[in-house]
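First up is the structure itself, then whatever we jot down about it.
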Amino acid sequence: MTRLLSLSTFVIALVSADARGQRLADRVGSARDGIVSFSFAARDGVCGDGDQFMKIGGSSFGAWSGTRSAPCVFGPVQVSLTLHDGDVERIQTRVGPPRARGEMDLGAVPAAEAASYLMRVAARGRGTASTKAILPAVLADSATVWPALLAIARDTATRPRSTRQEAAFWLSRFAGGAVLGHRNDPMAETETEPGDTDDLKSHAVFVLSQLPRGEGVPSLLDVARTNRDPHVRSQALFWLGQSGDPRALALFELLLQ
């Protein structure tokens, strides 16, 4: 009975999130053409320069546009959408101090609403916009996006390979956070202090990930399920996220449920 109640609560939450995403979709769609932007609160540990550079936990992305001494500002996430005839053709994600860009700015929106809308674009959008919608959705503060990521990663009928790969990568990070005791946190492993994990074990996991034709996947699955060191398990999950193997997706789902 408890499991049924939990499942019912989960379904209700998904329906509610989709409704929130639809409200933002209506606001964005009213522009039809041009550039529309909005911003929302970022997860802890996400900062940037407001332009090309951002830092997510311990990982850096993009090139610093200013001086290296400039601060990495924590949040908000800023998303710019290029629309043509109502369809999203391009997505740019920035983190840090907002900058005036001469766009139609919708201002700050709730993080959960933004994540839901962006996951709709990832699940239904065209071309690179589908792939680029995933990152800002993942960065949205406290948003639960892994169920949508799982559906996208498994959608071989309509989703391009790049979108499925991006979804699987972030699923592996959410699963890694779960085994480290940080549920719904895709950045837990990147914040691990150097030396926390035995180097020999880490190297063995890496070697398994490099075996041709997915020969290392069964062993990686075993490590991810049973190893006593949660950091080693998290590393195995990271490489499984890049394997493209459906067994990896099944394990991610099990860990995240």
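What you see is a predicted model; the values in this text were computed from it and never measured.
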Please tell me if the side chains of [X] and [Y] come closer than 4.5 Å, counting only heavy atoms from C-beta onward.
{"X": "Arg94", "Y": "Asp51", "result": "yes"}
{"X": "Ser202", "Y": "His231", "result": "no"}
{"X": "Met119", "Y": "Leu149", "result": "yes"}
{"X": "Thr128", "Y": "Ser162", "result": "no"}
{"X": "Leu255", "Y": "Phe174", "result": "no"}
{"X": "Phe40", "Y": "Leu24", "result": "no"}
{"X": "Tyr117", "Y": "Val88", "result": "yes"}
{"X": "Leu139", "Y": "Met54", "result": "yes"}

Next item on the list: Begin with the C-alpha distance, continue with both residues' side-chain angles, and end with the deciding distance and a verdict on side-chain contact (heavy atoms from CB on, under 4.5 Å) for Met104 and Ser30.
Entry: CA-CA 11 Å; Met104 174 181 173; Ser30 66; 4.2 Å; yes
Next item on the list: Please say which of Thr226, Val179, Leu180, Val205 ends up in a side chain to side chain contact (heavy atoms under 4.5 Å, CB included) with Arg233.
Entry: Val179
Distance, nearest 0.5 Å, that separates [atom1] of [X] from [atom2] of [Y]:
{"X": "Ser37", "Y": "Asp105", "atom1": "OG", "atom2": "CG", "value": "3.5 Å"}
{"X": "Leu221", "Y": "Leu237", "atom1": "CG", "atom2": "CG", "value": "9.0 Å"}
{"X": "Glu89", "Y": "Leu81", "atom1": "CD", "atom2": "CG", "value": "11.5 Å"}
{"X": "Leu208", "Y": "Asp222", "atom1": "CG", "atom2": "CG", "value": "10.0 Å"}
{"X": "Thr93", "Y": "Gln52", "atom1": "OG1", "atom2": "CD", "value": "13.0 Å"}
{"X": "Phe252", "Y": "Trp170", "atom1": "CZ", "atom2": "CH2", "value": "13.0 Å"}

Please confirm whether the backbone N or O of [Y] pairs with a side-chain atom of [X], one donor and one acceptor, at under 3.5 Å?
{"X": "Arg43", "Y": "Asp141", "value": "no"}
{"X": "Ser243", "Y": "Leu240", "value": "yes"}
{"X": "Gln78", "Y": "Gly96", "value": "yes"}
{"X": "Arg27", "Y": "Leu106", "value": "yes"}
{"X": "Arg90", "Y": "Ile35", "value": "no"}
{"X": "Arg183", "Y": "Leu256", "value": "yes"}
{"X": "Arg159", "Y": "Ala122", "value": "yes"}

Group every Ile, Leu, Val, Met, Phe, Trp and Tyr by side-chain heavy-atom contacts under 4.5 Å, then state whether [X] and [Y] land in the same group.
{"X": "Phe74", "Y": "Val95", "value": "no"}
{"X": "Leu220", "Y": "Val207", "value": "no"}
{"X": "Phe61", "Y": "Leu135", "value": "yes"}
{"X": "Phe38", "Y": "Val73", "value": "no"}

Next item on the list: Take Val145 and Ile134 through the side-chain contact (heavy atoms from CB on, under 4.5 Å) test and state the conclusion after the steps.
Entry: CA-CA 9 Å; Val145 298; Ile134 291 177; over 6 Å; no
If you compare all heavy atoms of [X] against all heavy atoms of [Y], which two are closest, and at what distance to 0.1 Å?
{"X": "Asp155", "Y": "Arg164", "value": "O-CD, 3.3 Å"}
{"X": "Gly125", "Y": "Ser130", "value": "O-CB, 3.8 Å"}
{"X": "Pro186", "Y": "Asn184", "value": "CD-O, 3.9 Å"}
{"X": "Ala123", "Y": "Ile152", "value": "N-CD1, 3.9 Å"}
{"X": "Pro97", "Y": "Gly48", "value": "CD-O, 4.0 Å"}
{"X": "Arg173", "Y": "Ser234", "value": "NH2-O, 3.1 Å"}

Next item on the list: Could you please spell out the steps behind the side chain to side chain donor-acceptor pair (under 3.5 Å) verdict for Trp239 and Gln235?
Entry: CA-CA 7 Å; Trp239 292 113; Gln235 289 179 359; over 6 Å; no
Note to self: Walk me through whether Val46 and Met187 qualify under side-chain contact (heavy atoms from CB on, under 4.5 Å).
What the structure shows: CA-CA 9 Å; Val46 178; Met187 299 182 292; 3.8 Å; yes
Margin query: Between Arg154 and Glu253 (salt bridge meaning N to carboxylate O under 4.0 Å), is one present in this structure?
Written below: yes
Item checked: Neighbour count above 12 (heavy atom, 6.0 Å) for Arg126 CZ -> no
Checklist line | Residue pair Cys72, Phe53: steps toward the side-chain contact (heavy atoms from CB on, under 4.5 Å) verdict | finding: CA-CA 9 Å; Cys72 190; Phe53 176 83; 4.0 Å; yes
